[in-house]
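Each chain gets a letter, A, B and so on, in the order the sequences are listed, and its residues count up from 1.
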Protein chains: 2
Amino acid sequence: MKQENRKDEIIQTATKLFKKKGYSAVTMRDIAKEMGIKAASLYNHINSKQDILTTIIISLAKEYTEGIEIIKLSENNSIEKLKQIIALHVKITTQNANGMASLNNDWMHLEEQLEYYLMLRTNYESDFREIIIRGIENNEITKSNPDIILFSILSTLRSLYLWIPKKDILNPNKLALDLSSILINGIKK
Amino acid sequence: MKQENRKDEIIQTATKLFKKKGYSAVTMRDIAKEMGIKAASLYNHINSKQDILTTIIISLAKEYTEGIEIIKLSENNSIEKLKQIIALHVKITTQNANGMASLNNDWMHLEEQLEYYLMLRTNYESDFREIIIRGIENNEITKSNPDIILFSILSTLRSLYLWIPKKDILNPNKLALDLSSILINGIKK
DNA sequence: AATCTAAACTAACAGTTGTTAGTTTGATAA
DNA sequence: TTATCAAACTAACAACTGTTAGTTTAGATT
């Protein structure tokens, strides 16, 4: 039977190169060279370059969707839910920092699955926004434009992929706690 | 004499397309088509595709460098300096949101000027970090890992280009104030 | 020993890429 | 009117792109 782990190697290698130069700038020959084989050989394992990108992005998008679904349905208060969202991003990004680069920067090169991806993203942002709005209503969160709060937190979380791989400053749990403190309580003494 | 504003039109058009699809995915024929001319005609005004990218990125990077230089030398306290940095990002991004996409996502495609760009970026981050560290020493800022504070604020500011163009929610001054409040004081009531 | 098969290979394709060379156009200045 | 010239054009290039077809290799199974 076909060894699925060779396919995974290709996806992993592609993901690494996509982070470095972006999807469009990486050629099939680049990916093959990195693995020590010829470009044509890749097609014994994958269908197309486009398929690689789709695999990377959609699987990550689903992880986020499933994660926030659980948080949304939990009984916690709003601040607690925000902390869970922060931990979710730290966890997924720690596991696959390279893939997060594609999710953030190359989603527009999806073709058949572009619309589906956008739906997942819109839903995710809606769920997130809803948690913030409920927090303001419950007097847990400062009365302020929910979109600016959403944007501010989400931007930081979406950029984690750039920082987490750097000289493994911290373990993921400590990072999630520190981030929660800064994003929720601010930095002013 | 050569009309410099035609060159500016090309750079502006390219910047818009670079934001949409990234530098590598945009062809000279794309840029020309958007302007209603042929690709070869672009070369009456610009030297190369690479030159366009360099112009976009280096001019923005210099704006940030000059901005933080002034803030660094001012007599304000640390919190005030942070507010000035936030206002600087809002101002530059409001003026050229499309260009910020290239600065954030396509800097790795710089060639001759890559090293210079990286120097500017490293210096900018060092100045920013130094302001945070002084703030902690002065008891203005919570004792916490300065790199996480830096990362958290800078990620939000670097993502502004994605949000500012959206349905002009706010005028820049109000946005800068709201952002300062959230980033500095947090969101917890 | 013979067969099978996953996974590599070589060779080639049709289309696209950034760019150059040389030419035409049309408005302005002499 | 004529000359000038910025800025468009057509045509072409060599290199590179994703992908396919057909072949070889080498280890495992019969």
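For the pair B:Lys49 and B:Tyr23, the cation sits on the ring face: its NZ or CZ lies under 6.0 Å from the ring centre, inside 45° of the axis.
Looking only at distances, no side-chain donor or acceptor of B:Glu140 sits under 3.5 Å from a matching main-chain atom of A:Lys188. With B:Gln113 contributing its side chain and B:Asp51 its backbone, the two residues share no donor-acceptor pair below 3.5 Å. A distance-only check finds a donor-acceptor pair linking the side chain of A:Thr156 to the backbone of B:Ser152 [under 3.5 Å].
Computed from coordinates, the A:Glu9 CD to C:dA6 C1' distance equals 14 Å when rounded to whole Å. Rounded to whole Å, atom C1' of C:dA7 lies 15 Å from atom NZ of A:Lys7. Rounded to a whole Å, the CG atom of A:Asp51 is 13 Å from the C1' atom of D:dG18.
Every pair passing ring-ring contact (aromatic ring centres under 6.0 Å, His included) that includes a residue from residues 139-161 of chain A is listed here, sequence neighbours excluded: A:Phe151-B:Trp163.
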Original post:
If the sugar-phosphate is the primed atoms plus P, OP1 and OP2 and the base is the rest, what is the B/S/- string for nucleotides 9-24 of chain C, using protein heavy atoms under 4.0 Å?
Top reply: BBBB----BBBBB---
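An OP1 or OP2 oxygen of D:dA8 is reached within less than 4.0 angstrom by a side-chain nitrogen or oxygen of B:His45.
Here B:Lys174 pairs with B:Asp178 under the salt bridge (Lys or Arg N to Asp or Glu O under 4.0 Å) rule; sequence neighbours left out.
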